[in-house]
Amino acid sequence: MKFALVALASLLNLALAQVQSPDGTFNVTNPIKGGTFVQGKALPVVYDLLVNPITLQMNVYLVYSGSGNGAQVTIAQNADVTVDASSLQNKNNQSYWEHSINFAIPTTIPPGTYNVVFEDVTSHTNTTVPITINAGAMSVISTSMMMTSTVASSSAATSSASAAASSTSAPAAQSASNQLGFTWIPTAACLVMAAALAL
Ligand SMILES: *[C@@H]1O[C@H](CO)[C@@H](O)[C@H](O)[C@H]1NC(C)=O
Ligand SMILES: *[C@@H]1O[C@H](CO)[C@@H](O)[C@H](O)[C@H]1NC(C)=O
Ligand SMILES: *[C@@H]1O[C@H](CO)[C@@H](O)[C@H](O)[C@H]1NC(C)=O
């Protein structure tokens with residue numbers, strides 16, 4: 001029941017909150033503005049091409065928008081912009097061509113505010129959707145691992161603090177599909193380190 005309401009609410013949001021590109025050639029259906037996602041889990045990216053034929057070369061990025069030096073991660077280079085029968089959809093007599101990318105948010109980027117940026121390479125315009133990425137359950141561990149990595153080492157200390165604060169509010173049950181990429185070695189490492197931290 002609760003699940004159905006959540007699903008319904010997100011459907012309503014999808015219907016209401018599409019972000020359109022400046023030249024009107026595509027809509028971003030997902031993520032919605034202000035959406036909240038979790039490190040290591042899926043970031044659904046869905047865009048609707050509105051014109052056919054279309055001349056669009058598009059890259060999609062996840063760009064840190066908080067203070068300080070931020071990470072930029074490529075979601076798609078030369079994203080799929082084919083307009084054909086397999087992507088064709090119809091709503092209120094309007095045809096559009098929908099593509100989606102199921103992007104796994106790296107655990108190596110700090111939690112915080114981000115923009116999902118759809119870069120139109122041809123016209124040099126960006127369509128930007130602001131989102132928030134929260135720490136995953138393993139973030140205390142991954143944040144400490146991150147200190148030795150090249151990504152955003154300067155913000156590791158602050159994200160460690162926020163990771164600890166927000167990890168308790170992370171959804172208790174993640175869907176099975178979001179658990180892809182979960183492997184035994186990191187799991188064992190997390191358990192050992194969690195045990196070590198608890199002592
Ligand atoms: C694209 O987005 C605009 C602005 O939100 C909306 O008016 C239009 O109906 C959307 N088009 C489709 C095909 O969903
Ligand atoms: C779609 O087009 C048909 C035929 O032109 C028309 O009868 C119908 O009312 C239209 N539906 C919508 C939702 O605009
Ligand atoms: C669009 O975003 C990309 C990725 O962050 C950036 O490299 C590019 O300079 C931006 N283009 C414009 C016109 O702002």
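Each ligand, and each atom within it, is numbered from 1 in the order the structure gives.
- At distances below 3.5 Å, at least one donor-acceptor pair connects side-chain atoms of Asn59 with backbone N or O atoms of Asn78.
- Judged by distance alone, the side chains of Asn115 and Thr128 never bring a donor and an acceptor atom under 3.5 Å apart.
- Proximity of a side-chain donor or acceptor of Asn27 to a complementary backbone N or O of Thr29 within less than 3.5 Å is not detected.
- Contacts between Gln18 and ligand 1 below 4.0 angstrom, taking non-hydrogen atoms only, involve backbone and side chain alike.
- Within the listing of ligand 1, atoms 1 (C), 2 (O), 3 (C), 8 (C), 10 (C), 11 (N), 12 (C), 14 (O) sit less than 4.0 angstrom from a heavy atom of Asn27.
- Under the side chain to side chain contact (heavy atoms under 4.5 Å, CB included) criterion, Pro106 pairs with Val73, Phe103, Thr108, Ile109, sequence neighbours left out.
- Contact annotation for Leu50 and ligand 1: only side-chain heavy atoms (C-beta onward) come within less than 4.0 Å of the ligand.
- A side-chain donor-acceptor contact under 3.5 Å links Asp80 to the backbone of Thr82.
- Atom numbering of ligand 1 starts at 1 in the shown order; those under 4.0 Å from a heavy atom of Lys91 are 12 (C), 14 (O).
- The shortest N or O to N or O distance between Asp48 and ligand 1 is not below 3.5 Å.
- Closest heavy-atom contact between Asn134 and Pro111: C-CB, 4.0 Å.
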Output, or 'none' if empty, a list of ligand 3-protein atom pairs in which both atoms are N or O and the distance is under 3.5 Å, rounded to 0.1 Å.
unit_1   : atom_1 : unit_2 : atom_2 : d
ligand 3 : 2 (O)  : Asn126 : ND2    : 2.4
ligand 3 : 5 (O)  : Gln72  : OE1    : 2.9
ligand 3 : 11 (N) : Asn126 : ND2    : 3.0
ligand 3 : 14 (O) : Asn126 : ND2    : 3.3

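- Side-chain polar atoms of Asn126 and Glu119 form no donor-acceptor pair below 3.5 angstrom.
- With hydrogens and angles disregarded, a donor-acceptor distance shorter than 3.5 Å links the side chain of Ser21 to the backbone of Phe26.
- Ser65 and Thr113 are linked by a side-chain donor-acceptor pair at a separation below 3.5 angstrom, with hydrogens and angles left out of the test.
- Listed by number with element, the atoms of ligand 1 under 4.0 Å from a non-hydrogen atom of Gln20 are 1 (C).
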